[in-house]
There are 2 protein chains.
Amino acid sequence: MSTAEVSSTRLACPRQAAQRGTLSPERIVAVALEIADSDGLDAVSMRNVAATLGVGTMSLYTHVKDKDALLVLMRDAQFAECLVEDTGPDWRTGFTRVARQTRESLLRHPWAVALGLRPALGPNRLRHMEQVLTIAAEITDDPTAQRTIIHAVDDLVIGCATQELAARAIGADVPRPHCGLRRRINADPTLRALLASGEFPHLARVLAESSPFAAKRFEQALTWLLDGIERTYQPDA
Amino acid sequence: MSTAEVSSTRLACPRQAAQRGTLSPERIVAVALEIADSDGLDAVSMRNVAATLGVGTMSLYTHVKDKDALLVLMRDAQFAECLVEDTGPDWRTGFTRVARQTRESLLRHPWAVALGLRPALGPNRLRHMEQVLTIAAEITDDPTAQRTIIHAVDDLVIGCATQELAARAIGADVPRPHCGLRRRINADPTLRALLASGEFPHLARVLAESSPFAAKRFEQALTWLLDGIERTYQPDA
DNA sequence: CGGTGCACCGTACGGTGTACGGGCACGCAT
DNA sequence: ATGCGTGCCCGTACACCGTACGGTGCACCG
């Protein structure tokens with residue numbers, strides 16, 4: 001008994017312990033999330049994830065079908081961060097809270113936006129859908145209209161986050177004139193010449209001004225959209 | 001003379017002709033676009049592009065710094081499709097036309113959306129910015145407000161296209177009940193069980209209905225947003 | 001005790017981006 | 001005319017990727 005126990009744990013693996021129960025989809029996804037958050041999506045390779053877990057690369061495939069499946073699981077994990085605890089007293093604050101939280105989550109995890117085209121359909125996504133549907137149900141009973149409303153809000157949030165992260169990648173998110181975009185254009189001789197050609201009067205004027213904060217732009221756009229929705233379904237207000 | 005000429009053209013390259021002037025950034029980008037359109041973004045590899053051009057892989061690097069630079073050039077080429085010839089009589093039709101055209105271009109070239117986070121800053125992007133700035137100038141003279149408006153519209157379009165392409169990838173873009181999303185959920189035992197748990201009353205109801213066409217949703221969302229903008233800057237109408 | 005299944009893993013294959021160095025053709029100065 | 005620099009084209013090589021395949025040993029069941 002005792003000898004068998006010892007031998008089983010010692011001889012199990014030449015390099016490390018890596019017992020039988022060390023691996024699970026949850027642990028794999030958790031590590032992948034950590035790597036993506038700290039080192040970017042490109043650093044999430046099967047080899048890297050496995051090494052971080054102290055495990056052989058191919059062992060991952062017993063718990064995750066594909067790398068693609070792993071990415072989908074990651075995206076669904078991110079969807080959990082979009083859920084709000086309290087949707088508030090009315091649909092407007094409900095949507096506002098969800099939208100803000102979703103935006104912040106996406107900005108925290110740029111890889112989630114990069115995974116945008118991947119159709120993540122998991123439990124958390126379902127929960128998120130249910131939550132926004134509940135909010136939309138306060139506006140109208142028509143399920144089709146509910147979906148239209150939800151999509152509009154979601155689209156705006158995703159687009160905002162995408163653009164904001166792209167601007168951040170350029171370094172154009174600094175809300176001061178002669179920074180960011182302006183500097184970027186000046187760095188490229190072709191673009192600078194193009195701008196100096198006089199064919200871009202409005203652009204030239206705008207570049208001399210400071211740009212509004214991304215957060216401000218987001219709030220304004222959201223307000224406009226919600227205004228439009230309100231006018232359609234509650235014109236009396 | 002004649003012998004030198006012949007020898008120079010014949011001995012130039014062991015495999016093919018591939019003379020001196022065959023390569024240029026434009027030709028490279030054009031081929032890359034073709035490949036991306038027909039075989040997807042993953043098919044755009046330096047080896048593949050070079051082979052299609054009948055040229056050695058490393059030759060591309062004399063005209064394009066990086067693969068990343070190539071992708072940026074591709075994105076800028078796509079921006080050309082967002083330009084409209086006639087912006088129409090007023091800002092509303094102007095934004096509507098640009099938004100529609102941009103959406104259609106993105107749906108035609110899904111790889112452009114996948115490149116979303118890449119900060120493409122090229123001549124065509126500049127032209128597009130100038131165009132929408134010209135439209136926004138009809139609303140207000142404040143450059144900051146102009147940028148806010150433009151970003152709002154752009155964000156909505158990008159978000160719409162992203163979501164629509166993601167839905168298309170799932171096969172959830174079919175506007176009939178019990179198709180797309182519903183089928184997808186039923187295919188996964190976990191999700192089906194989750195849905196049957198009764199914790200998703202709104203979702204269950206919605207899945208029984210047909211979803212609106214993506215184009216309709218887009219038009220509605222755009223209308224809402226433009227309504228909101230109009231109410232802010234032209235409350236008299 | 002024998003057998004079966006499953007979790008783990010080493011190796012290998014075909015793919016990727018690109019650093020490096022070499023060869024060749026051209027244009028220019030001498 | 002001759003020599004040379006410059007820039008285009010390219011073959012090779014390296015590190016890394018996802019993953020198909022086969023092997024190995026533990027745990028459990030009959």
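Small disclaimer: the values here were computed from a predicted structure and weren't measured. Chain identifiers are assigned alphabetically (A, B, ...) following the order of the sequence lines, protein sequences preceding nucleic acid strands; residue numbering begins at 1 within each chain. The figures that follow rest on heavy atoms only: side chains count, while hydrogens, waters and symmetry mates do not.
For B/Thr62, no side-chain nitrogen or oxygen approaches OP1 or OP2 of D/dG7 to under 4.0 Å. Residue B/Thr22 has a polar side-chain atom (N or O) positioned under 4.0 Å from OP1 or OP2 of D/dC9. A close approach under 4.0 Å does not occur between any side-chain nitrogen or oxygen of B/His63 and OP1 or OP2 of D/dG7. Taking side-chain N and O atoms only, B/Ser59 has no distance below 4.0 Å to OP1 or OP2 of D/dC8.
Remark: C1' of C/dG14 and CG of B/Asn48 are 14 Å apart, rounded to the nearest angstrom. Atom pair B/Leu70:CG and C/dT18:C1' shows a separation of 14 Å (rounding to whole Å applied). Atoms CE (B/Met46) and C1' (C/dG17) sit 8 Å apart, rounded to a whole Å. Taking atom CG of B/Leu60 as the reference point, atom P of C/dA19 lies 13 Å away to the nearest angstrom. Straight-line distance from the CG atom of A/Leu23 to the P atom of C/dC6: 16 Å, rounded to whole Å. In this structure, CG of B/Asp68 is placed 17 Å from P of C/dT16, rounded to the nearest angstrom. We find that CE of A/Met58 is positioned 15 Å from P of C/dC13, with the value rounded to whole Å. Taking atom OH on A/Tyr61 and atom P on D/dC17, their separation rounds to 11 Å, with Å as the unit.
With distances taken from any side-chain atom of B/Lys67 to the nucleotides D/dC17, C/dC9, C/dT16, the minimum falls on C/dT16.
Counted within 6.0 Å of CG on A/Asp66, heavy atoms from surrounding residues, nucleotides or ligands total more than 12; the atom is thus considered enclosed.
Judged by distance alone, the side chain of B/Asn124 and the main-chain N or O of B/Phe79 form no donor-acceptor pair under 3.5 Å. The main-chain N or O of A/Leu156 is never found under 3.5 Å from a side-chain atom of B/Asp155 such that the two would form a donor-acceptor pair. Remark: the backbone N or O of A/Val206 is not paired with any side-chain donor or acceptor of B/Gln146 at under 3.5 angstrom.
Within residues 24-33 of chain A, no residue has any heavy atom under 4.0 Å from DNA chain D.
A salt bridge is absent between B/Arg127 and A/Glu199; no separation between the charged side-chain nitrogens and carboxylate oxygens falls under 4.0 Å. A/Arg217 has no carboxylate O lying under 4.0 Å from a charged side-chain N of A/Glu164, or vice versa, which leaves the two without a salt bridge.
Between the base of C/dG17 and the side chain of B/Arg47 there is a donor-acceptor pair shorter than 3.5 Å.
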Trace of the side-chain hydrogen bond (donor to acceptor under 3.5 Å, both in side chains) decision for B/His109 with B/Glu81: CA-CA 10 Å; B/His109 309 298; B/Glu81 284 192 9; 3.0 Å; yes
